[in-house]
Amino acid sequence: HVNDAMCQYLGYTEQELLSTVSAFEILDKQSQEHFKSRLRQNLTGERVDRNVEYSGKTRDGRVFWTLLNVKLLFKDSKPKGAIVVARDITEIKKAEETLNYNNEKLKLLSEVSTRLLSSSSPQKIIQEMCQQVMSFLNCDVFFNFLFEEKKDMLHLNAYAGVPAET
């Protein structure tokens, strides 16, 4: 039996989930491998934590994360089914991802500002630091201009992502 809430959440009918749609069609690649590994462990008698996180896609392509509490049911020492309680943890995973991104951003900002402020010649280290920032931001091009007061103009100090002859 598959409850109505699960069917509605995933976008499949109970009949589809029980007969034609496998977990491997719903789970992403990493979760599929984790699922197989846990299944092998269960079948060989290894103790497996009842709680597990998986990621997958609903019928309409929406990505989700779920925390499952799984109790396998056996008959004659063979698995015959499972009792599964699922909890949608997608928003928690998104919040974790945002938090991790912000922590990495703050770490990079701290490193860059420390190096700039402690350098006797920050113009010379800007190229390397901008490469780090570009990589973090998945940026393709950067330009760094310095203002020359004596000439009352900007001059290009560092750049990346553009060929030198351009």
Side-chain angles (χ1 to χ4, degrees), residues 5-12 16-17 21-42 46-70 84-166:
M6 183 72 152
C7 294
Q8 186 175 3
Y9 184 82
L10 293 175
Y12 295 99
E16 287 173 318
L17 290 172
V21 177
S22 77
F24 296 103
E25 293 175 63
I26 296 170
L27 299 176
D28 66 17
K29 293 288 184 205
Q30 186 176 359
S31 291
Q32 288 175 13
E33 293 305 315
H34 191 51
F35 182 87
K36 286 186 223 176
S37 173
R38 286 176 53 87
L39 189 56
R40 276 192 298 275
Q41 290 173 310
N42 272 304
E46 289 182 54
R47 184 160 165 71
V48 178
D49 189 349
R50 288 176 62 161
N51 294 309
V52 61
E53 292 180 2
Y54 290 120
S55 177
K57 287 188 178 180
T58 61
R59 176 179 235 152
D60 64 5
R62 184 176 42 85
V63 174
F64 69 90
W65 277 92
T66 187
L67 173 64
L68 301 180
N69 181 286
V70 181
V84 180
V85 176
R87 179 174 174 223
D88 183 357
I89 59 169
T90 304
E91 292 307 313
I92 293 169
K93 287 295 189 179
K94 287 179 182 178
E96 285 176 358
E97 189 176 286
T98 299
L99 185 60
N100 288 337
Y101 175 82
N102 286 336
N103 283 339
E104 288 299 312
K105 183 170 60 172
L106 289 172
K107 180 181 171 189
L108 180 60
L109 180 61
S110 174
E111 290 172 4
V112 168
S113 59
T114 298
R115 286 191 61 203
L116 281 172
L117 293 171
S118 63
S119 174
S120 59
S121 182
Q123 297 90 340
K124 292 181 181 175
I125 63 171
I126 199 79
Q127 184 80 32
E128 178 188 336
M129 291 185 316
C130 285
Q131 294 287 352
Q132 286 179 285
V133 172
M134 283 179 63
S135 175
F136 179 79
L137 296 175
N138 198 23
C139 178
D140 297 322
V141 177
F142 93 88
F143 298 96
N144 171 250
F145 291 92
L146 297 176
F147 181 69
E148 291 185 42
E149 279 189 57
K150 293 178 185 174
K151 296 181 180 179
D152 195 33
M153 64 182 272
L154 293 174
H155 103 270
L156 183 61
N157 179 57
Y159 65 94
V162 178
E165 63 274 357
T166 301

note = Rounding to 0.5 Å, atoms CD1 (Ile126) and OG (Ser119) come to a distance of 9.5 Å
ask   = Between the side chain of Gln127 and the main-chain N/O of Tyr159, is any donor-acceptor distance below 3.5 Å?
value = yes
Pair up each side-chain donor or acceptor in residues 142-157 with any protein partner under 3.5 Å, not counting sequence neighbours, and list the distances.
unit_1 : atom_1 : unit_2 : atom_2 : d
Asn144 : OD1    : Asn157 : ND2    : 2.8
Glu148 : OE2    : His155 : ND1    : 2.9
Asn157 : ND2    : Gln123 : O      : 3.3

task = Find the distance between CG (Asp28) and NE2 (His34) and round it off to the nearest 0.5 Å.
result = 11.0 Å
key: Heavy-atom donor-acceptor pair, Arg62 side chain to Tyr9 backbone, under 3.5 Å   = yes
query = In this structure, are over 12 heavy atoms from other groups packed under 6.0 Å from Met134 atom CE?
reply = yes
request  = Kindly assign one of parallel, tilted or perpendicular to the pair Phe136 and Tyr101, based on the angle between their ring planes and the thresholds 30° and 60°.
outcome  = parallel
task = Please name the pair of heavy atoms, one in Val112 and one in Met129, separated by the smallest distance, quoted to 0.1 Å.
result = O-SD, 3.8 Å
request  = Under the side-chain contact (heavy atoms from CB on, under 4.5 Å) rule, what do Gln132 and Arg115 come out as? Steps first, then yes or no, please.
outcome  = CA-CA 12 Å; Gln132 286 179 285; Arg115 286 191 61 203; 4.0 Å; yes
ask   = Going from CG on Leu108 to CG on Asn103, what distance comes out if it is rounded to the nearest 0.5 angstrom?
value = 12.5 Å
Nearest-0.5 Å distance, CG of residue Leu10 to OG1 of residue Thr58 = 7.0 Å
query = Got a second to check how far Thr90's OG1 is from Leu67's CG, nearest 0.5 Å?
reply = 11.0 Å
task = List the steps and the verdict of side-chain contact (heavy atoms from CB on, under 4.5 Å) for Val52 and Phe35.
result = CA-CA 9 Å; Val52 61; Phe35 182 87; over 6 Å; no
Flag if over 12 foreign heavy atoms under 6.0 Å of CD, Gln8 = no
inquiry  = Looking at Glu33, is its backbone amide N or carbonyl O close enough to the side chain of Ser37 to form a donor-acceptor pair, meaning the two atoms are under 3.5 Å apart?
reply    = no
task = Check whether any side-chain heavy atom of Arg38 sits under 4.5 Å from a side-chain heavy atom of Tyr54, and report yes or no.
result = yes
inquiry  = Whether the side chain of Ser110 engages the backbone of Leu106 through a donor-acceptor N/O pair (distance < 3.5 Å, no angle test) should be reported.
reply    = no
ask   = For Thr66 and Asp88, what are the C-alpha separation, side-chain angles and deciding distance, and is it a side-chain contact (heavy atoms from CB on, under 4.5 Å)?
value = CA-CA 5 Å; Thr66 187; Asp88 183 357; 5.8 Å; no
request  = State whether the side chain of Ser22 and the backbone N or O of Phe24 hold a donor-acceptor pair below 3.5 Å, judged by distance alone.
outcome  = yes
message = Within the structure provided, determine whether Leu17 and Ile26 are in side-chain contact (heavy-atom separation under 4.5 Å).
response = yes
message = In the structure I gave you, are the side-chain heavy atoms of Glu96 and Lys93 within less than 4.5 Å of one another anywhere?
response = yes
request  = Identify the two heavy atoms, one from Val63 and one from Ser55, that lie closest to each other, and give their separation to 0.1 Å.
outcome  = CG1-OG, 4.0 Å
key: Glu97 side, atom CD; Asn102 side, atom CG - distance, nearest 0.5 Å   = 11.0 Å
